[in-house]
Protein chains: 2
Amino acid sequence: MTDRPYHHGHLRDTLLAEAERTLREQGVEQLSLRDLARQAGVSHAAPRRHFADRQALLGALAAAGFARLADEVAAAIEAAGPDFPARLRATCAAYVRFATEDTALMELMFTAKSGSASGELAAGEAASGELAAGVGRLFTMVGELIKEGQQTGQLPPGDPERIRLLFMAIARGIAELVIPGGPGAGQADGLLDDAVALFTRGRG
Amino acid sequence: MTDRPYHHGHLRDTLLAEAERTLREQGVEQLSLRDLARQAGVSHAAPRRHFADRQALLGALAAAGFARLADEVAAAIEAAGPDFPARLRATCAAYVRFATEDTALMELMFTAKSGSASGELAAGEAASGELAAGVGRLFTMVGELIKEGQQTGQLPPGDPERIRLLFMAIARGIAELVIPGGPGAGQADGLLDDAVALFTRGRG
DNA sequence: ACCTGAACACCGTTCAAGT
DNA sequence: ACCTGAACACCGTTCAAGT
């Protein structure tokens, strides 16, 4: 109804929010800069001011995704209370929930993480920093959790970094397995139980 | 030099082989049907005879990928000899090697697997059958391995299906972590050791 | 500083027509 | 049965020009 001003004002955020929605509802393939611009009521060249190219937009989405995943893992650990196995399980469950609700975004996050490490995302340098920040925060948090388990004797001793890597690989693997329609869709709870039992076996 | 005949003769296989190479060297984004047709010396509409659309080509690539992964896992288990932990480790190592050498293809395989389950690849129905066949062969093989471990008492008793799912999730998670430039790139061996130790702990 | 409009080279997909 | 050539609607990207 109101005349749209020449300057949009929140274009960057609008584009990101719209992109995340499209990602969730239609997948990466269907994500087009021109389409996003249309939905924002702006010319097709306008996004260029905020994202150097399509890859940069995807990189920014991945960075925001990691930041949110880190938040959700933190909240899940907090909500799980003091019991260590419960905290471990909650971390893994947060991964699974994220993957269930934002499958395409999670896929994008992990390909962006590896792509940026191997220099594939040269265009999105700023986003690459944000991405590393989110990833780092997540890594640190899980690392602290692992050390906590070692201190209370509920995890075996040894390099906590190695244990953290293995645990995160398991969480990611389960999350990838348990996406809508996947072979383990209905088995998420069982897998989480098994994973936690495997890690804390004979130490509960 | 020789005049190209009107009928190519091996167009389908040529396209698949060329596509796999492009995938390895340039990633999915760069994979274009028109480009493939050009490299095969054929008109841009010719691939249409063999692949309904781009998704169908990707589906066929994923199906072939699973068939090859199943072969390589079978060969790895065979080559590992009779020792069970060695066989377990060899399976996981085959995943890692595949992911290292064909990162984009492996990514494609696992998104195709989930996408096909949720009906995203409606176009590639034929490929969907091939894909399920490759996936099934791989699942069965790993399932047999798990049962073998249970029979010799080197794996805990319980539903072998659950253990298989967890093990494959771990293998996939490690493979995703250990791609070129990834955070665990130099730590593949350690992760594999840890994963096997976790599974066979106190039972060696 | 932020956005527009036209332009360029490229795509996937379709379809009548050729061999 | 398999392939061609023209055509259509769509992209990402660039750039002079506008506010």
Side-chain angles (χ1 to χ4, degrees), chain A residues 2-19 22-23 25-62 104 108 112 115 120-127, chain B residues 2-19 22-23 25-62 104 108 112 115 120-127:
Chain A
T2 69
D3 280 17
R4 186 178 52 81
Y6 187 83
H7 288 80
H8 183 284
H10 308 284
L11 185 53
R12 202 191 124 98
D13 291 342
T14 303
L15 291 171
L16 281 176
E18 205 57 56
T22 304
L23 205 53
E25 296 174 359
Q26 324 219 161
V28 224
E29 308 278 312
Q30 298 301 319
L31 193 68
S32 124
L33 283 178
R34 286 179 107 112
D35 218 37
L36 256 26
R38 257 188 304 265
Q39 291 176 253
V42 102
S43 99
H44 67 262
R48 198 64 197 342
R49 278 300 125 178
H50 304 283
F51 304 103
D53 56 19
R54 190 173 183 270
Q55 278 303 318
L57 196 242
L58 295 182
L61 282 172
L108 184 65
E120 203 174 284
L121 290 181
E125 287 178 30
Chain B
T2 67
D3 278 18
R4 185 178 51 81
Y6 186 84
H7 288 79
H8 183 285
H10 308 283
L11 185 53
R12 201 191 125 97
D13 291 343
T14 302
L15 290 172
L16 281 176
E18 204 58 55
T22 303
L23 205 54
E25 295 173 2
Q26 325 219 158
V28 223
E29 308 279 311
Q30 298 300 319
L31 194 68
S32 125
L33 283 178
R34 286 179 107 111
D35 218 37
L36 255 28
R38 256 188 303 265
Q39 291 176 254
V42 103
S43 100
H44 67 262
R48 197 66 197 337
R49 278 300 124 179
H50 303 283
F51 304 103
D53 55 19
R54 190 174 184 270
Q55 278 303 320
L57 196 242
L58 296 182
L61 282 172
L108 183 66
E120 201 176 285
L121 289 180
E125 287 178 31

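Please read these numbers as outputs of a predicted model, since none were measured by experiment. Just so it is clear, the values below take in all heavy atoms, side chains as well, and ignore hydrogens, waters and symmetry mates.
- The distance from atom CG of B/D53 to atom C1' of D/dC10 is 16 Å, rounded to the nearest whole Å.
- Remark: B/S32 is in phosphate contact with C/dG12, judged by side-chain N or O atoms under 4.0 Å from OP1 or OP2.
- Taking atom CG of A/L58 as the reference point, atom P of D/dG12 lies 10 Å away to the nearest angstrom.
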Inset, instruction - Apply the test side chain to side chain contact (heavy atoms under 4.5 Å, CB included) to residues B/F51 and B/L16: give CA-CA distance (whole Å), side-chain angles for both, the deciding distance (0.1 Å), then the verdict. - result: CA-CA 10 Å; B/F51 304 103; B/L16 281 176; 3.8 Å; yes

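- Residue B/H44 has no polar side-chain atom (N or O) positioned under 4.0 Å from OP1 or OP2 of D/dA6.
- Nearest nucleotide to the B/L11 side chain, out of C/dT4, D/dC3, D/dA7: D/dC3.
- Both B/L31 and A/H10 lie close to DNA chain C; mapped to their nearest nucleotides by heavy-atom distance, the more 5′-ward contact belongs to A/H10.
- The interatomic distance linking A/F51 (CZ) with D/dT13 (P) rounds to 13 Å, in whole Å.
- Here C/dC11 presents its C1' atom at 12 Å from CZ of A/R34, a figure rounded to the nearest Å.
- Following rounding to the nearest Å, A/L33 (CG) and C/dC10 (C1') show an atom-to-atom distance of 15 Å.
- The side chain of A/R48 places no N or O atom within less than 4.0 Å of a non-bridging phosphate oxygen (OP1 or OP2) of C/dC3.
- Under 4.0 angstrom from either OP1 or OP2 of C/dG12 there lies at least one side-chain N or O belonging to B/R54.
- Between B/Q26 atom CD and B/L23 atom CG the span is 10.0 Å, to the nearest 0.5 Å.
- Judged by atom type and distance alone, B/R49 does not reach the base of D/dT4 through any side-chain donor-acceptor pair under 3.5 Å.
- Here the side chain of A/S43 is nearest to one of C/dT14, C/dT13, C/dT4, namely C/dT4.
- Backbone-only contact: A/R38 has heavy atoms under 4.0 Å from sugar-phosphate atoms and none from a base.
- You'll find the side chain of B/T14 stays beyond 4.5 Å of the side chain of B/V42, heavy atoms only.
- Separating the CG atom in A/L57 from the CZ atom in A/R48 is a distance of 12.5 Å, to the nearest 0.5 Å.
- The nearest whole Å value for the distance from the CG atom in B/L57 to the C1' atom in C/dG12 is 12 Å.
- Residues satisfying the side-chain hydrogen bond (donor to acceptor under 3.5 Å, both in side chains) test with A/D35, not counting sequence neighbours, are A/R38.
- One finds the CG atom of A/L11 at 11.5 Å from the CZ atom of A/R49 (value rounded to the nearest 0.5 Å).
- Counting only heavy atoms from C-beta outward, the side chains of B/L33 and B/D53 never approach each other to under 4.5 Å.
- Residues passing the side-chain hydrogen bond (donor to acceptor under 3.5 Å, both in side chains) test with B/Q39 are B/E18, sequence neighbours excluded.
- In DNA chain C, the stems built from three or more successive Watson-Crick or G-U pairs (distances below 3.5 Å) are C:4-8 with D:12-16, C:12-16 with D:4-8.
- To the nearest angstrom, C1' of D/dC11 lies 15 Å from CD of A/Q55.
- Atom CD of B/Q30 is separated from atom P of C/dA9 by 18 Å (rounded to the nearest Å).
- The A/A45 side chain lies nearest to C/dT4 when the options are D/dA7, D/dT4, C/dT4.
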